Structures are given as structure tokens and as C-alpha cells.
There are 2 protein chains.
Amino acid sequence: MDTTHRTTDQQKPAEQRRRELLEAADRVVLRDGPKASMNAIAAEAGITKPILYRHFGDKGGLYRALATRHTDALLAALRAALDAPSDRRRRVESTLDTYLASIEAMPQVYRFLMHPAEESHQSEQGFDVGRHSAPLLRRMGEELGQVIAERIDLGAGGEAQARIWGHGIVGMMHAAGDWWLGERPCSRAALVTALADLLWGRLSLADDRPDGPGF
Amino acid sequence: MDTTHRTTDQQKPAEQRRRELLEAADRVVLRDGPKASMNAIAAEAGITKPILYRHFGDKGGLYRALATRHTDALLAALRAALDAPSDRRRRVESTLDTYLASIEAMPQVYRFLMHPAEESHQSEQGFDVGRHSAPLLRRMGEELGQVIAERIDLGAGGEAQARIWGHGIVGMMHAAGDWWLGERPCSRAALVTALADLLWGRLSLADDRPDGPGF
DNA sequence: AGCAGTACGTTACCTTCGGTAACATCAGTC
DNA sequence: GACTGATGTTACCGAAGGTAACGTACTGCT
């Protein structure tokens, strides 16, 4: 009963502490890349491992908390772009550009979220991100599908179609963005235009090459 | 000099042995999922760890060899679908269906290739696949981009655009397929049609919902 | 004042895994 | 018969995730 007093007194510092730990983890991940170990994170936070485990349960818990911070921000930005008051094409381009700008702005975070042990030459035991990146993409796909279903009249079976498109478009965005971030073969604007063109059916409209059968 | 005799005598069994080991690894991966350990694979092959390391260098090497077997088959199937003698839409649908049929036929292999430690409740140290799934998607994206560039006349800057589209389409296919494989929300044919429709620009052609602004 | 509870923190340890060194064995060659 | 080279073994290392046991400071209660 009277524990409420104590707990409320402690809960604020607890949340605060949690935030500090997450920020420390963030710093380590940004510095050491995805091969950051629990020991390293604990050291950066000025504490030791068991505290991390008391706060986050296991490594997955820490990662989940860490990922949520970033993915929430990304999702909010995407929702804003999706809700902007302009025509459909512009909104698609704006959404694509928002996503690409985000991953361009924080490539370290992005790589951590999406690609586990990228540059670890020894003992490739990084954060097991493959298990968590999928949920992120799923979330984005589901949300986009929902937006499509809400906004566009696709007739019978439109909701199913909208979900498929949501996941498909997110996957397209993700794969193209990932490749682009690695090779930087063109400007962001060019990539956005090309992807929007693809979504706008230019693949079906382009002429065949004269020398061979059409694709 | 005369070592040639010996080496030729040994090289055939060596290749054979390698195949046996790969098949054993395959079995373990299919059975134990992605949490298969080198010890488990060696045990399944009836040998011990160091032999695996002599054959494949490190875990990445084993995985690469293992992945190559499957991805080569997949890529060959995709190439065949891409080269079929029919119109562009049919070929796109056929390629999508080939990919989806492949991952549907061997979901275990697919999950192993794409998702690391999916269902490991303890010590999530699986094959570090996130590092290798990307290269597979990259390869597919590059190949598709090349095919698009070869077959379709996209005017100036067409090659860059074709590469973007290649990676984008592969990403779309992959993400939608991954989601579909997990939830099975519809038939394969329906998924193929929906994705082909998306690629054919139906997103830009559909009407807005009457009650809200257009997407 | 003295006591119980609770969160914080540490050291020391366990297990598992990837990876390797050292040694043993059996084939064919000179 | 000694030599070479591949195949196989046992035993081990280091690093990682994760945990148990213990100590400590602060709190409110009696």
C-alpha cells in the first residue's frame, strides 16, 4: 500500500535512468556499429551488464526499446508526408523522399536497424537484427496499406489489394533505398522520380528495344 | 610434379565430400532452423567441427556455399521466366509467380536464407544471415535491372533508371512475398495479379475515395 | 533509533558458440 | 621403409549472452 509512495518516488528516476541507458546504447551503436556488445554498452553507460538486463530483460528487449525510438520517429515523419495536402503523385514522391532522407541522415542507425553484423571481421555475433527489421518493415507495410485502403477506391477486394500494395511499395522503397545508400549511384531526387515513375506504370508504357523482344 | 596424380585422385573425393557436407548442413538447417550450430552440422555429417572449417574456412563460407546452391537455382528459374517468349505483362507475372512458388515450395530454406534466428527463444546466435541476404537481393536486383535495360527503351539515363527499377521491383517482390508467406492472406495467383497491377500503374489510375482526399 | 523492504550496483560465474592448435592416422610415392 | 599430404580427432581459447549471489544506499514504519 504505502509502497506507492516509494514506487512513485523511484519510478521517475527509473524512467530517467532507462532513457540514459538507451542514449548510451545509442551512442555505442553509432560508434561501434552493429557489433556493439552488452558489455560495451554497459561500460559506456558507466555501469555493468546485470543492470542492463534488469532494465531490458535481454538483448532483444534493449534492441526493441532502441529500435522503437527511431522507428517511431520515422513512422511519424512518413505519416506526415502521407497526410500532406497535395495530389497523389506529389504525396508519393514526398513520402519516398522522406524515407530516403531519413536513412540518408542517419545511415549508422539505419544500418543498425536493418543490417546486423556488417563490418565485423571476427565472431559475427551482432545484434540479431534480422529478427527485428522484419517487424519494422511489416509495420510500415501495414500502415501504408491501411492508408491506401482508406484513401483509394479499389473496388471489390480493395482492402486485400491495398495491403499487398502497402507491403510491396514499402519493400520497393526499402530495397531501392538500401542499394542506393550503399552505392550512391544517383541523387536522391532522381531516385525518387524513378521510383514514382515505376509506381506510375512507366514500366508498362515504355517501348521495347528495337533489337529484341519486349520485356 | 607427381603430386598431380595424388591431387587429382584426391580432388574428386574432396568435391564429393564437400557435397556431402553441404547436404548434411542442408538437412540440419531444414530441421533445426536457423539456429543450427557448426557442431550440430558436423555431427549430422558424422564428423567434427575442424573438418567443416577446413572445407569452408568459416561459418560465412559454409553459409555462402549453402546459399549459392539455392540462390543459383532460384536465379536460373527467374531467368527462365524472364526469357519466356510472351508479352511483357505475362512475363512479369510469370517471374513473380516463379519467385513466389519457389519460396512457397521451400519455406524453410527461404527463412534460413532471409531471416536469421526466427524461432530461437534462447541465445539468439544463429547464422548471421542479415549479412548475406542482402547480397542475394542485390544480385537479383542487378540482374533484373540489366534485363530491363537490355529489353526496354527508357531513353536518356535509361540504364540508371533500369537499375533502380530492378532493385525496386525485387524489393517489392521480396517484401510482399515475405509478408504473404507469413500470413497467407490470399492465393498466390491473387498476389501475383495485385503486384503486376501495381507495377502496371493501377495506383495512379484508381479513383479517390469519395469521402477523403486522394492518396 | 532501529528495522524491513526495495531498487541499484558489483563481482564472479555459467553456457554456448565460433574458431584453432596439436596430435593421430591412413593413403600412396620415392 | 621413410616421406608427404589429406583426413580425422581431442582439447582448448576467447568472446558473447545471460544469471546468481552478494553488498549498499535510501525509504518509510514502529
Side-chain angles (χ1 to χ4, degrees), chain A residues 1-18 20-21 24-25 28-29 32-64 116-117 120-129 131, chain B residues 1-18 20-21 24-25 28-29 32-43 45-64 116-117 120-129 131-132:
Chain A
M1 278 303 163
D2 296 338
T3 54
T4 30
H5 270 317
R6 248 176 295 134
T7 40
T8 40
D9 285 358
Q10 306 282 43
Q11 265 175 356
K12 231 191 321 189
E15 286 291 324
Q16 193 175 338
R17 200 83 183 113
R18 189 186 164 90
E20 290 178 19
L21 297 184
V28 174
V29 163
D32 293 358
K35 67 178 181 182
S37 76
M38 294 297 266
N39 264 325
I41 293 175
E44 169 70 24
I47 54 169
T48 49
K49 258 196 307 180
I51 304 182
L52 282 182
Y53 284 95
R54 276 220 267 270
H55 273 277
F56 302 103
D58 62 350
K59 194 169 190 175
L62 202 178
Y63 170 76
R64 231 166 288 129
S120 88
H121 54 304
Q122 63 152 6
S123 87
E124 8 181 314
Q125 333 188 73
F127 275 98
D128 188 359
V129 182
R131 201 175 164 191
Chain B
M1 277 302 156
D2 294 338
T3 55
T4 32
H5 272 315
R6 249 178 294 135
T7 41
T8 41
D9 285 358
Q10 306 282 44
Q11 264 175 356
K12 232 190 320 187
E15 287 289 324
Q16 192 175 337
R17 201 89 183 106
R18 189 186 164 90
E20 291 177 19
L21 297 185
V28 174
V29 163
D32 294 357
K35 66 178 180 180
S37 75
M38 293 298 266
N39 264 325
I41 293 174
I47 53 168
T48 48
K49 258 197 304 179
I51 305 182
L52 280 183
Y53 283 94
R54 276 220 268 270
H55 274 277
F56 302 103
D58 61 349
K59 194 169 188 173
L62 202 177
Y63 170 77
R64 234 167 285 128
S120 87
H121 53 303
Q122 60 148 8
S123 86
E124 6 182 314
Q125 334 188 71
F127 274 97
D128 188 0
V129 183
R131 198 176 166 191
H132 307 288

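Just so it is clear: chains get the letters A, B, ... in the order the sequence lines come, proteins before strands, and each one is counted from 1. Please read these numbers as outputs of a predicted model, since none were measured by experiment.
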Between D/dG18 (P) and A/Phe56 (CZ): distance, integer Å: 13 Å
Which atom pair, heavy atoms only, marks the closest approach of B/Ala40 to B/Asp32? CB-OD2, 4.4 Å
If I take atom CG in residue B/Asn39 and atom P in nucleotide D/dA11, what distance separates them, rounded to the nearest angstrom? 14 Å
What is the separation between atom OH on A/Tyr53 and atom P on C/dC14, rounded to the nearest whole Å? 17 Å
If you find the nucleotide of DNA chain D closest to A/Arg54 and the one closest to A/Lys49, which residue's nucleotide is nearer the 5' end? A/Lys49
In whole angstroms, how far is the C1' atom of C/dT20 from the CD1 atom of B/Ile51? 14 Å
Measure across A/Leu21 and A/Leu52 and return the closest heavy-atom pair with its distance rounded to 0.1 Å. CD1-CD2, 4.3 Å
Heavy-atom side-chain contact between B/Ile47 and B/Arg17 under 4.5 Å: yes
Quick one: A/Ile47 CD1 to C/dA7 C1', roughly how many Å, whole number? 13 Å
Nearest-Å distance for atom pair CE/P, residues A/Met38 and C/dT16: 19 Å
From CZ of A/Arg18 over to P of C/dC8, roughly how many Å is that when rounded to an integer? 12 Å
Rounded distance in Å - CG (B/Leu52) to P (D/dT9): 10 Å
Which sits closer to the 5' end of DNA chain D, B/Gly46 or A/Gly57, going by the nucleotide each is nearest to? B/Gly46
Identify which nucleotide among C/dT10, C/dC17, C/dA21 has an atom closest to any side-chain atom of B/Pro50, counting heavy atoms from C-beta outward. C/dA21
Between A/Arg17 and C/dG9, is there a side-chain N or O to OP1/OP2 distance below 4.0 Å? yes
Distance test, side-chain N/O of B/Thr48 to OP1/OP2 of D/dG8, below 4.0 Å: no
Side chains of B/Arg18 and B/Phe56 in contact at under 4.5 Å (non-hydrogen atoms): yes
